[in-house]
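Note sheet for the following structure.
Please read these numbers as outputs of a predicted model, since none were measured by experiment. Order of the sequence lines fixes the chain letters, A, B, ..., with proteins taken first and strands second; residue numbering starts at 1 for each chain.
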2 protein chains.
Amino acid sequence: MNAKTKKSQGFARSRCPVANTLDIVGDKWSLLVVRDLLHGKQTYKELAESPEGIPTSILADRLKRLEEGGIITSAAYQERPVRYAYTLTEKGKALGEVLLAIVRWGKKYVPGTQTFK
Amino acid sequence: MNAKTKKSQGFARSRCPVANTLDIVGDKWSLLVVRDLLHGKQTYKELAESPEGIPTSILADRLKRLEEGGIITSAAYQERPVRYAYTLTEKGKALGEVLLAIVRWGKKYVPGTQTFK
DNA sequence: CCGGATCCGGTCTGATACTG
DNA sequence: CAGTATCAGACCGGATCCGG
C-alpha cells in the first residue's frame with residue numbers, strides 16, 4: 001500500500017548544500033507548489049488548479065513529501081469530510097528567497113516569460 | 001537513436017517565470033553541473049568525477065540540453081582526439097545567484113550540510 | 001462534489017558494457 | 001578519455017475509481 005511513502009529519496013550521501021537542497025525540492029513540481037503556497041493558496045483544490053496542471057497523484061505525493069521534509073504543515077479546517085489547509089513552515093517560507101532568484105533569472109533570460117500575476 | 005535529443009521538455013505553455021526556469025534546470029542534475037562549472041571544472045571527466053556520481057549517460061544528455069538552452073558552450077581545446085571544454089555563458093553564470101540562494105537555504109535548514117569546499 | 005488512492009502505459013533514470 | 005548503447009526498474013502523468 002502506502003508502504004513506500006518515501007522511496008526514491010532515501011539517501012544522505014551528499015554533503016554539498018546544493019545537492020542536499022536539490023534532493024528535497026529538485027524536481028519540477030515541488031517548487032511550483034511552494035510558489036502557490038506563498039501566493040496564498042491553501043487547499044488541495046486550489047493547488048490542483050494551477051495552470052501547469054499537476055496530476056493529482058503527483059500533488060498528493062509532493063504534499064506528503066514536503067510535509068515530511070518540514071516544508072509545510074497540514075491542519076484540518078473542517079471535519080466531515082475532513083479537509084486540510086496546507087501552509088508553509090518557516091523553513092518553507094525561506095524558500096521564497098530561492099524562488100525569488102529563480103524568478104529574476106527567468107524574467108531576464110527566458111523569452112516568453114511574463115511578470116507573474 | 002538520439003532522435004529524441006529533446007522530448008519531455010519541449011513545450012512552452014507556461015508563462016510563469018518559475019515554471020519556465022524549472023523546465024530548464026528543474027531536475028536533480030542540471031544545477032549540480034552548473035555548480036561544478038562555476039567552480040572551475042571544464043572537462044567531461046572532471047564533471048563525471050563529482051561526488052554525487054552522475055551517470056555518464058545523464059551527464060552527456062544534460063550537457064547537450066544545457067548547451068541547447070544557451071547555458072553553456074563547448075569549445076574544442078585539442079584535436080586528435082577532439083576534446084571539449086565546457087564553459088558557462090553569461091546566462092549560465094547568472095544562475096550563480098540561484099545557486100547562492102539554494103546554498104544559503106541548504107546550510108541553514110538541512111542538517112548535515114557542510115560549507116562547500 | 002472533493003481529496004486522494006489506484007491502475008497502467010510510456011518515459012526517464014541510472015548502472016554497466018562498449019566503441020572510437 | 002569522451003561519449004554511446006543497452007536494459008531493467010523507477011517514476012511520471014492521465015484517467016478512473018472510491019470514501020466521506
Using atom [atom1] of [X] as one end and atom [atom2] of [N] as the other, report the distance to the nearest whole Å.
{"X": "A:Asp61", "N": "D:dA10", "atom1": "CG", "atom2": "P", "result": "15 Å"}
{"X": "B:Ile58", "N": "D:dC7", "atom1": "CD1", "atom2": "P", "result": "17 Å"}
{"X": "B:Lys28", "N": "C:dC12", "atom1": "NZ", "atom2": "C1'", "result": "12 Å"}
{"X": "A:Ile54", "N": "D:dG13", "atom1": "CD1", "atom2": "P", "result": "8 Å"}
{"X": "B:Glu67", "N": "D:dA2", "atom1": "CD", "atom2": "C1'", "result": "14 Å"}
{"X": "A:Leu63", "N": "C:dG4", "atom1": "CG", "atom2": "C1'", "result": "10 Å"}
{"X": "B:Glu52", "N": "C:dT13", "atom1": "CD", "atom2": "C1'", "result": "16 Å"}
{"X": "B:Leu59", "N": "C:dC12", "atom1": "CG", "atom2": "P", "result": "18 Å"}

Is it true that [X] and [Y] fall in one hydrophobic cluster, defined by side-chain heavy atoms closer than 4.5 Å?
{"X": "A:Leu31", "Y": "A:Leu38", "result": "yes"}
{"X": "B:Leu22", "Y": "B:Ile58", "result": "yes"}
{"X": "B:Leu100", "Y": "A:Val25", "result": "no"}

Does D:dC12 have OP1 or OP2 sitting under 4.0 Å from an N or O in the side chain of A:Trp29?
-> no
Could you list all the ring-ring contact (aromatic ring centres under 6.0 Å, His included) pairs where at least one residue sits in residues 73-106 of chain B, not counting sequence neighbours?
->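 Counting only pairs at least two positions apart or across chains, the ring-ring contact (aromatic ring centres under 6.0 Å, His included) contacts touching residues 73-106 of chain B are B:Trp105-B:Tyr109.
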For B:Arg62, which contact category applies under a 4.0 Å heavy-atom criterion: base, sugar-phosphate, or nothing?
->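 Here B:Arg62 touches the backbone only, sparing every base.
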Is there side-chain contact between B:Trp29 and B:Pro55, with heavy atoms separated by less than 4.5 Å?
-> yes
Pairs under 3.5 Å (N/O, protein and nucleotides 1-3 of chain C):
residue, atom, partner, partner atom, Å
C:dC2, OP1, A:Lys45, NZ, 3.3
C:dC2, O2, A:Arg83, NH2, 3.4
C:dG3, OP1, A:Lys45, N, 3.3
C:dG3, OP2, A:Lys45, N, 3.4

Residue from A:Thr87, A:Leu47, A:Ile71 passing side chain to side chain contact (heavy atoms under 4.5 Å, CB included) with A:Leu37 = A:Leu47
Between the base of C:dA15 and the side chain of B:Ser57, is there any donor-acceptor pair under 3.5 Å?
->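 In this structure, the two groups form a donor-acceptor pair.
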Which pair of heavy atoms, one from A:Val18 and one from B:Ile102, lies closest together, and at what distance?
-> CA-CG2, 4.0 Å
Taking for each residue the nucleotide of DNA chain D bearing the nearest heavy atom, is the 5' side occupied by A:Thr56 or by A:Asp27?
-> A:Asp27
Which of the following nucleotides, C:dG4, C:dG14, D:dG13, is nearest to the side chain of B:Pro55?
-> C:dG14
